[in-house]
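Report on the structure given below.
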Amino acid sequence: MISIIAAIARNRAIGADNSLLWHLPGDMKRFRELTAGHTVIMGRRTFESLPNGALPNRTNVVITRKTGISFDKCEVFNDLEAAIERHKHEDEVFIIGGASIYSQALELADKLYITLVRHDFENADVYFPEIDDSKWIMTASEEFQSDEKNLYPYTFRIFIKKK
């Protein structure tokens with residue numbers, strides 16, 4: 001199963017200046033729990049934005065057009081399809097960003113784990129692609145209010161591709 005996991009704002013914003021726009025510990029905890037023990041596939045810029053390099057307890061895969069490049073504790077591929085082909089026999093593989101990789105993966109994905117940050121971010125320079133309601137059905141939704149640790153209200157949503 002190919003799954004996309006992303007936190008997106010109401011206006012589909014996902015980042016600015018190669019950084020996240022928010023800090024939501026509740027979302028980060030869910031991300032760790034869902035992806036631990038699995039393969040995570042990301043673009044080079046997303047990998048470079050990780051503060052501590054490769055994510056622990058996961059197989060890290062980086063997609064880059066640059067040739068001859070390597071990253072510590074990562075597999076490197078020049079295209080998304082090759083990375084997916086290499087890991088197609090796993091139970092679940094997660095696509096974790098960025099925008100270009102999400103756009104390429106949306107047609108290939110079976111499942112979406114979306115955290116909707118219920119706020120609009122006008123300073124964004126990167127956006128998640130439009131989710132076509134005719135192709136996806138929401139199967140779960142759980143709302144959380146802002147609190148002392150999570151400055152924005154958010155909703156966990158799960159979508160399954162329609163057959």
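Values below: all heavy atoms of this structure, side chains included; hydrogens, waters and symmetry mates excluded. For reference, positions follow the sequence shown, starting with 1. Just so it is clear, the structure is predicted and the values come from calculations on it, not from any experiment.
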Hey, could you give me the CE/CG distance between M1 and D91, rounded to the nearest 0.5 Å?
9.0 Å
Measure the spacing between OG1 of T155 and CG of D27 and express it to the nearest 0.5 Å.
11.0 Å
Any heavy-atom pair between the side chains of L21 and V117 that's under 4.5 Å?
no
On the 0 to 90° scale, with breaks at 30° and 60°, tag the Y152-H119 ring pair as parallel, tilted or perpendicular.
tilted
Quick one: list whatever passes side-chain contact (heavy atoms from CB on, under 4.5 Å) with H38, sequence neighbours left out.
E92, F94
Rounded to the nearest 0.5 angstrom, the CG-CD1 distance for L108 and I95 is 8.0 Å
Do you reckon Y113 sits in the same ILVMFWY cluster as Y102, going by side-chain contacts under 4.5 Å, direct or chained?
no
Establish, from distance only, whether the side-chain atoms of D17 and S19 form a donor-acceptor pair under 3.5 Å.
no
List the steps, then state whether side-chain contact (heavy atoms from CB on, under 4.5 Å) holds for H23 with L151.
CA-CA 7 Å; H23 177 70; L151 299 180; over 6 Å; no
Quick one: OG1 on T115 to CZ on R157, what's the gap to the nearest 0.5 Å?
10.5 Å
Distance-only, no hydrogens or angles: does the D120 side chain make a donor-acceptor pair with backbone N or O of N11 under 3.5 Å?
yes
I'd like to know whether K66 forms a side-chain contact (heavy atoms from CB on, under 4.5 Å) with V76, so could you lay out the CA-CA distance, the side-chain angles of the two residues, the decisive distance to 0.1 Å, and finally the verdict.
CA-CA 10 Å; K66 294 184 177 188; V76 177; over 6 Å; no
Please confirm whether R30 makes a cation-pi placement over F156, using NZ or CZ under 6.0 Å from the six-membered ring centre and within 45° of the ring normal.
yes
Residue pair E75 / T59, side-chain heavy-atom distance below 4.5 Å:
yes
Could you tell me if the side chain of I96 sits less than 4.5 Å from the side chain of F31, heavy atoms only?
yes
From CD1 (I158) to NZ (K111), nearest 0.5 Å:
5.5 Å
Under the side-chain contact (heavy atoms from CB on, under 4.5 Å) test, which residues partner K161, sequence neighbours left out?
W136
Could you tell me which residues satisfy side-chain contact (heavy atoms from CB on, under 4.5 Å) with P56, sequence neighbours excluded, listed by chain and number?
R58
Answer yes or no: does atom CE of M28 have more than 12 heavy-atom neighbours from other residues, nucleotides or ligands under 6.0 Å?
no
Give me the atom names and distance for the closest heavy-atom approach of A16 to A124.
CB-CA, 4.0 Å
Do I14 and I131 share a hydrophobic cluster, counting only Ile, Leu, Val, Met, Phe, Trp and Tyr and linking them when any side-chain heavy atoms are less than 4.5 Å apart?
yes
Can you tell me if D110 uses its side chain to pair, donor with acceptor, with the backbone of I2 under 3.5 Å?
yes
Applying a strict under-4.5 Å side-chain criterion to I, L, V, M, F, W and Y, I'd like to know whether M42 and L34 cluster together.
yes
I5, I63: one ILVMFWY side-chain cluster at the under-4.5 Å cut-off?
no
Is any side-chain heavy atom of L112 less than 4.5 Å from a side-chain heavy atom of L106?
yes
Heavy atoms only: give me the nearest M138-S141 pair and the separation to one decimal.
SD-CB, 3.8 Å
Are side-chain heavy atoms of F128 and I114 found at a separation under 4.5 Å?
yes
Other residues, nucleotides and ligands only: do more than 12 of their heavy atoms fall within 6.0 Å of NZ on K162?
yes
Less than 4.0 Å between a side-chain N and a carboxylate O, is that true for K88 and E85?
yes
Whether F47 and F71 hold their rings parallel, tilted or perpendicular, with breakpoints at 30° and 60°
tilted
Given side chains that start at C-beta, do those of I69 and V62 come closer than 4.5 Å, heavy atoms only?
no
Ignoring hydrogens, what is the shortest heavy-atom contact between K73 and N60? Give both atom names and the distance.
O-CB, 3.8 Å
With a 4.5 Å limit on heavy-atom distance, are the side chains of I84 and V93 in contact?
no
Return yes when atom CZ of R45 has more than 12 non-hydrogen atoms of other residues, nucleotides or ligands closer than 6.0 Å, and no otherwise.
no
Between the side chain of D72 and the main-chain N/O of A54, is any donor-acceptor distance below 3.5 Å?
no
Just wondering, do F77 and I41 contact through their side chains at under 4.5 Å, heavy atoms?
no
If you measure from CG on D132 to CD on E107, what distance do you get to the nearest 0.5 Å?
8.0 Å
Shared ILVMFWY cluster between V126 and L80, side chains joined below 4.5 angstrom?
yes
Centroid-to-centroid, W22 to Y154, below 6.0 Å?
no
